[in-house]
Amino acid sequence: MSTTGATADPLAALGSLPGVAESVESVRKAVDRVYGHRIMRRRSNAITSEAALRGARGSAALSGADWALEEVRRRSDFGADPEARVVGAALRLGAEAGQLLSIWRQSPLRVLARLHLVAAASGDDQVGRPRQAGEPVDEPLIELPLPRADEVSGRLEGLADLIIAGTSAPALVTAAVVHGELLALRPFTSHNGLVARAAERIVLIGSGLDPKAICPAEVGHAELGRAAYLAALDGYVSGTPEGMAAWIAHCGRAVELGVRESTAVCEALQRGAA
């Protein structure tokens, strides 16, 4: 992560980049609207469950397993082929994220290790720890230069220190930085995209922006498309103010599209209850 100057709270400093405050405000208004929907008073658990399913489908799509929602809904075997394993990993991460909220602020690296363990679901000794020098990374959809293992270790520690210290930055900014940094670093030998999007979800929920987990940003990232996702990530990796702001705005738009998806679910439930 790069910022435009040394500061005690570099995440908060990103909130002053051009256009970021507008993205933050737009996301807040969208989230407030869906939380104010009348069906949320009676069926919030159903909205949460549906958001988790749709978020997992979106995250899997960005990792190369673009299945129809109904296919994800009906399947029970997720070990049959590579795409099925990706979808299964995304579903497991969606279920796990809510269990890790209390640990995140005290030990984000422990949470990231747990997310990778859940996603990989194997006993390989590379699972659940940052990659070491010489270990290959299976992340074919992200073609950015791969940072060295020692750089990964240092930047992960720096990111963890920022989370533990706390920040006055808006939730969207923190979530976008966590997401972008993990994609840029690809700290694990596999499943980095799935882990990065699950970590973004944890930040959005744990920050209080989306406490009921009904605003699946993964849906929006998938809807915006892989090309736009990778182009925005290039902006983050550049470290320029314009690039960082563009990545944060992209993540904000993804949250808003996730809100739109859950609003449609609310409307459908309301029609069914009428």
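FYI, side chains are in, hydrogens and waters are out, and symmetry mates aren't considered; it's all heavy atoms of this structure. Bear in mind that the values here come from a model prediction, so they are computed numbers and not experimental data.
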J.: To check you understand the geometry: which heavy-atom pair defines the closest contact between Gly252 and Val27, and what is its length?
T.: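 Answer, listing the atom of Gly252 first, then Val27: O-CG2, 3.4 Å.
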J.: Please report the interatomic distance CG(Leu117) to CG(Leu93), rounded to the nearest 0.5 Å.
T.: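 If I round to the nearest 0.5 Å, the distance is 10.5 Å.
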J.: Could you state the interatomic distance from CG (Leu204) to CG (Asp210), rounded to the nearest 0.5 Å?
T.: 6.5 Å
J.: Going by side chain to side chain contact (heavy atoms under 4.5 Å, CB included), name the residues that satisfy it together with Ala113, two or more places apart in sequence or in a different chain.
T.: none
J.: Is there a side-chain contact between Arg54 and Val265 in this structure, where contact means two heavy atoms from C-beta onward sitting under 4.5 Å apart?
T.: yes
J.: Which pair of heavy atoms, one from Ala245 and one from Pro18, lies closest together, and at what distance?
T.: CB-O, 3.6 Å
J.: Do any N or O atoms from the side chain of Thr189 and from the backbone of Arg131 form a donor-acceptor pair under 3.5 angstrom?
T.: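 Not at all, since once roles are kept as given, no pair shorter than 3.5 Å links the two residues.
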J.: Any chance you could measure Arg226, atom CZ, to Ile142, atom CD1, to the nearest 0.5 Å?
T.: 10.5 Å
J.: Could you check whether any side-chain heavy atom of Ser262 comes within less than 4.5 Å of a side-chain heavy atom of Pro216, counting everything from C-beta outward?
T.: yes
J.: So do the side chains of Phe78 and Arg85 get within less than 4.5 Å of each other, counting heavy atoms only?
T.: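 No, side chains not in contact.
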J.: Between Arg155 and Glu151, is there a salt bridge with N-O shorter than 4.0 Å?
T.: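 A salt bridge is present here (some side-chain N lies under 4.0 Å from a carboxylate O).
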J.: Do the charged groups of Arg73 and Glu70 touch, with an N to O distance under 4.0 Å?
T.: yes
J.: If you compare all heavy atoms of Glu218 against all heavy atoms of Ser59, which two are closest, and at what distance to 0.1 Å?
T.: CB-N, 3.8 Å
J.: Output all residues satisfying side chain to side chain contact (heavy atoms under 4.5 Å, CB included) with Pro187, sequence neighbours left out; order by chain, then residue number.
T.: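 Checked Pro187 against side chain to side chain contact (heavy atoms under 4.5 Å, CB included); matches are Val152, Leu156, Leu182, Leu185, Asn192.
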J.: Identify, with sequence neighbours excluded, every residue that meets side-chain hydrogen bond (donor to acceptor under 3.5 Å, both in side chains) alongside Tyr229.
T.: His179, Arg197
J.: What pair of heavy atoms forms the shortest contact from Ala84 to Asp81, and how long is it?
T.: N-OD1, 2.9 Å
J.: If I compare all heavy atoms of Leu269 with all of Ala46, which pair ends up nearest, and what's the gap?
T.: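 Smallest interatomic distance, heavy atoms only, reads CD1-CB, 4.2 Å.
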J.: Mark yes or no for whether Glu71, through its side chain, and Ala68, through its backbone, hold a donor-acceptor pair below 3.5 Å.
T.: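 Absent.
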J.: What pair of heavy atoms forms the shortest contact from Trp247 to Ala176, and how long is it?
T.: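 Heavy atoms only, the tightest pair is NE1-O, 2.7 Å.
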J.: If the condition is ring-ring contact (aromatic ring centres under 6.0 Å, His included), which residues does His250 pass it with, not counting sequence neighbours?
T.: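 His250 satisfies ring-ring contact (aromatic ring centres under 6.0 Å, His included) with His221 only.
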J.: Determine whether more than 12 heavy atoms belonging to other residues, nucleotides or ligands lie under 6.0 Å from atom CZ of Arg38.
T.: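 Counting other residues, nucleotides and ligands, CZ of Arg38 stays at 12 neighbours or fewer.
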J.: Going by atom types only, do Thr167 and Asp9 share a side-chain donor-acceptor pair under 3.5 Å?
T.: yes
J.: May I ask you to say whether Arg253 pairs ionically with Glu223, meaning some side-chain N is under 4.0 Å from a carboxylate O?
T.: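 Here Arg253 does not pair with Glu223 in a salt bridge, since their nearest N and O are not under 4.0 Å apart.
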J.: Quick one: side chain to side chain contact (heavy atoms under 4.5 Å, CB included) partners of Ala246, sequence neighbours excluded?
T.: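 Expected list: none.
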J.: Nearest 0.5 Å please: distance from the CG atom of Leu183 over to the CD atom of Glu200.
T.: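 Those atoms lie 9.0 Å apart.
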J.: Using a strict cut-off of less than 4.0 Å between a Lys/Arg side-chain nitrogen and an Asp/Glu carboxylate oxygen, indicate whether Arg57 and Glu261 qualify as a salt bridge.
T.: no
J.: Scan for side chain to side chain donor-acceptor pair (under 3.5 Å) pairs involving residues 88-112, sequence neighbours excluded, and state none if there are none.
T.: Glu96-Arg114
